[in-house]
Amino acid sequence: MTRLHVDFILPCDPSMGVIHHGAIVFDKTILDLGDGGAMEARYPDATPVVAPKGSVALPGLVNPHVHLEFSANQGVLDFGAFVPWLQSVIAHREALQEAATSAVIEEAIASMLRTGTTAFGAISSFGLELDACVNTPARVVFFTELLGSRPDAVDILFNDFKQRLRGAYERENSRFKAALSIHSPYSTHPILAKNALDIARRENLIVSTHFMESKAERLWLDAGKGDFAGFFKGFSPHAAPLCSGLEYVRLFQGTRTLFTHGVHASFPELDAIGTQGGSITHCPVSNRLLGTGVLALDPVFERNIPLTLGTDGLSSNISLSLWDEMRSALFAHPDVPLNTLAKTLLHSATAQNAKALGLDAGVLESGKAADIIVMALSGATSANLPLHLVLHAQTPSHIFIEGSLVC
Ligand code: MCF
Ligand code: FE
């Protein structure tokens, strides 16, 4: 049993309050937390760890959406507009896959751990990152991706998907969970999506999907127009949208789904996401680099849709650090008061992300997993602590996962 003493505890419960001179007592799970003196009196035999002055303990960060197989991208993919980016993905897919060696993928995971991410959701297109995800000390929700729009290939695609999903299932353990991802409404045939979602409902699997990321996606699904019209007509002159945005959202009824991006989601689509208990995963850096716009936060908050925050992959980012992502988000929404936004972002990056991934972590409270990070913040005071953490945090001094010190 460990008793961790810090200047500040930020439990990341909905109040986003701070405990001054606190201690957390834990083994694999959190047993108690509160005033440092009181914890010492109550648990005198626990092994004390006293963090340096100015230290802040908070839950390990949780990144719900990362494409590790694209980690070798550095200058390969075209940024600035969505469909040209997608075309560059298709043109360089094989080269990127080859370059995504185990060393590259392991370093991408290490970079997340180093910056305090103790759990992540890996969107897996091919299964290349499976071993690295099983072997990391971090918690992983492994989303096997389903993609493909050709009706004549539905059976082949679905069988390949089921095989990859089974591969993930076979590796499940207390920290690694299988899940599934339907790529998007423009790329996945609704029959395929429906079959996979039946599995998700039956097996109670967490689901992730890209949804209404770009204006091009909006125009294509609404009217068969825009950049996607040129893109798809290159494959088939009779190409047409596979379903409407709202029909797509409704396919996910009865599942726990993370809808990623949602920048161009309509109000009725957001209403449906809210009623169905879905969350919106905001990836502001990815949205900037792929030229897809800025997510309007108010419509999400007005519907009480949980806001989750992800980095996306290095296919559309320069960093997998959630601290970097929070800093970018702070500048992407100048209309939201600074201190309020910092609290919202930290709550998203911890409690909301963990809940969306179905993890019993992300909040420092009794009974939750002892996934804890300690950040050194010299000069910290209780006032506006979340803002100063978001502005200055880089790498934790301590990282505990399931109560064990991992670095
Ligand atoms: O989230 C970003 C942008 N939107 C869609 N897909 C991806 C992103 N980063 C990587 N991807 C992957 C996706 O999983 O790129 C492929 C899929 O396998 C695009 S479809 C050929
Ligand atoms: Fe993505």
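Just so you know, ligand 1 is whichever comes first in the structure, and atom 1 is the first atom listed for that ligand.
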- Message: To the closest 0.5 Å, what do you measure between CD1 (Ile24) and CG (Leu58)?
- Response: 9.0 Å
- Item | Nitrogen or oxygen atoms of His210 and ligand 1 under 3.5 Å apart | yes
- Message: Looking at Asp371 and Glu402, would you say the former's side chain and the latter's main chain have a donor-acceptor pair under 3.5 Å?
- Response: yes
- Are Gln394 and Arg114 close enough, and set up right, to give a side chain to side chain contact (heavy atoms under 4.5 Å, CB included), and what steps lead you there? CA-CA 9 Å; Gln394 300 286 351; Arg114 264 200 308 275; over 6 Å; no
- Query: Taking the minimum heavy-atom distance to atom 7 (C) of ligand 1, which of Trp85, Phe70, Tyr186 ranks first?
  - Reply: Trp85
- Provide, to 0.1 Å, the distance between atom 9 (N) of ligand 1 and the closest protein heavy atom, together with that atom's residue and name. Ser315 OG, 3.1 Å
- Give the residue and atom name of whichever protein heavy atom lies nearest to atom 2 (C) of ligand 1, and the separation in Å to one decimal. Asp312 OD2, 3.3 Å
- Message: Under a 3.5 Å cutoff, is there a donor and acceptor pairing between the side chains of Asp35 and His21?
- Response: no
- Message: Taking Val390's backbone N and O only, do any of them form a donor-acceptor pair with Arg327's side chain (distance below 3.5 Å, no angle check)?
- Response: yes
- Query: For ligand 1, which atoms have a heavy atom of Leu147 less than 4.0 angstrom away?
  - Reply: 17 (C), 18 (O), 20 (S)
- Within the side chain of Glu269, is there an N or O that forms a donor-acceptor pair under 3.5 Å with the backbone of Ser266? yes
- Query: Can you find a non-hydrogen atom of His261 under 4.0 Å from ligand 1?
  - Reply: yes
- Note on the structure: His67 NE2 to His65 NE2 via the Fe ion (ligand 2), rounded to 10°, gives 90°
- Query: Any N/O/S atom, backbone or side chain, of His210 lying under 2.8 Å from the Fe ion (ligand 2)?
  - Reply: yes
- Query: Among protein heavy atoms, which sits nearest to atom 14 (O) of ligand 1, and what does the distance come to when rounded to 0.1 Å?
  - Reply: Glu145 OE2, 2.5 Å
- Closest to the Fe ion (ligand 2), which N/O/S atom of Asp312 is it? OD1
- Please check if atom NZ in Lys368 has more than 12 non-hydrogen atoms from other residues, nucleotides or ligands closer than 6.0 Å. yes
- Query: Picking from Asn317, Thr117, Asn63, what satisfies side-chain hydrogen bond (donor to acceptor under 3.5 Å, both in side chains) with Thr311?
  - Reply: Asn63
- ligand 1 to Ser125, heavy atom cutoff 4.0 Å, flagged ligand atoms 14 (O), 18 (O)
- Message: Tell me whether Lys343 at atom NZ has more than 12 heavy atoms from other residues, nucleotides or ligands lying less than 6.0 Å away.
- Response: no
- Closest to atom 11 (N) of ligand 1 among protein heavy atoms sits His67 CE1, 3.3 Å
- When you measure from the centre of the six-membered ring of Phe252, is the NZ or CZ of Arg201 under 6.0 Å away and within 45° of the axis? no
- Message: Let me check your reading of the structure: within less than 2.8 Å of the Fe ion (ligand 2), is there an N/O/S atom from His261?
- Response: no
- Residue, atom and distance of the protein heavy atom nearest atom 21 (C) of ligand 1 read Arg93 NH1, 3.8 Å
- ligand 1 contacted by Leu86 (non-hydrogen, < 4.0 Å): yes
- Query: Which protein heavy atom lies closest to atom 5 (C) of ligand 1, and at what distance to 0.1 Å?
  - Reply: His183 NE2, 3.4 Å
- Query: Do His333 and His282 have side-chain atoms, one donor and one acceptor, less than 3.5 Å apart?
  - Reply: yes
- Message: Under 4.0 Å from a heavy atom of Glu213: which atoms of ligand 1 are those, numbered in the order shown and with their elements?
- Response: 3 (C), 4 (N), 5 (C)
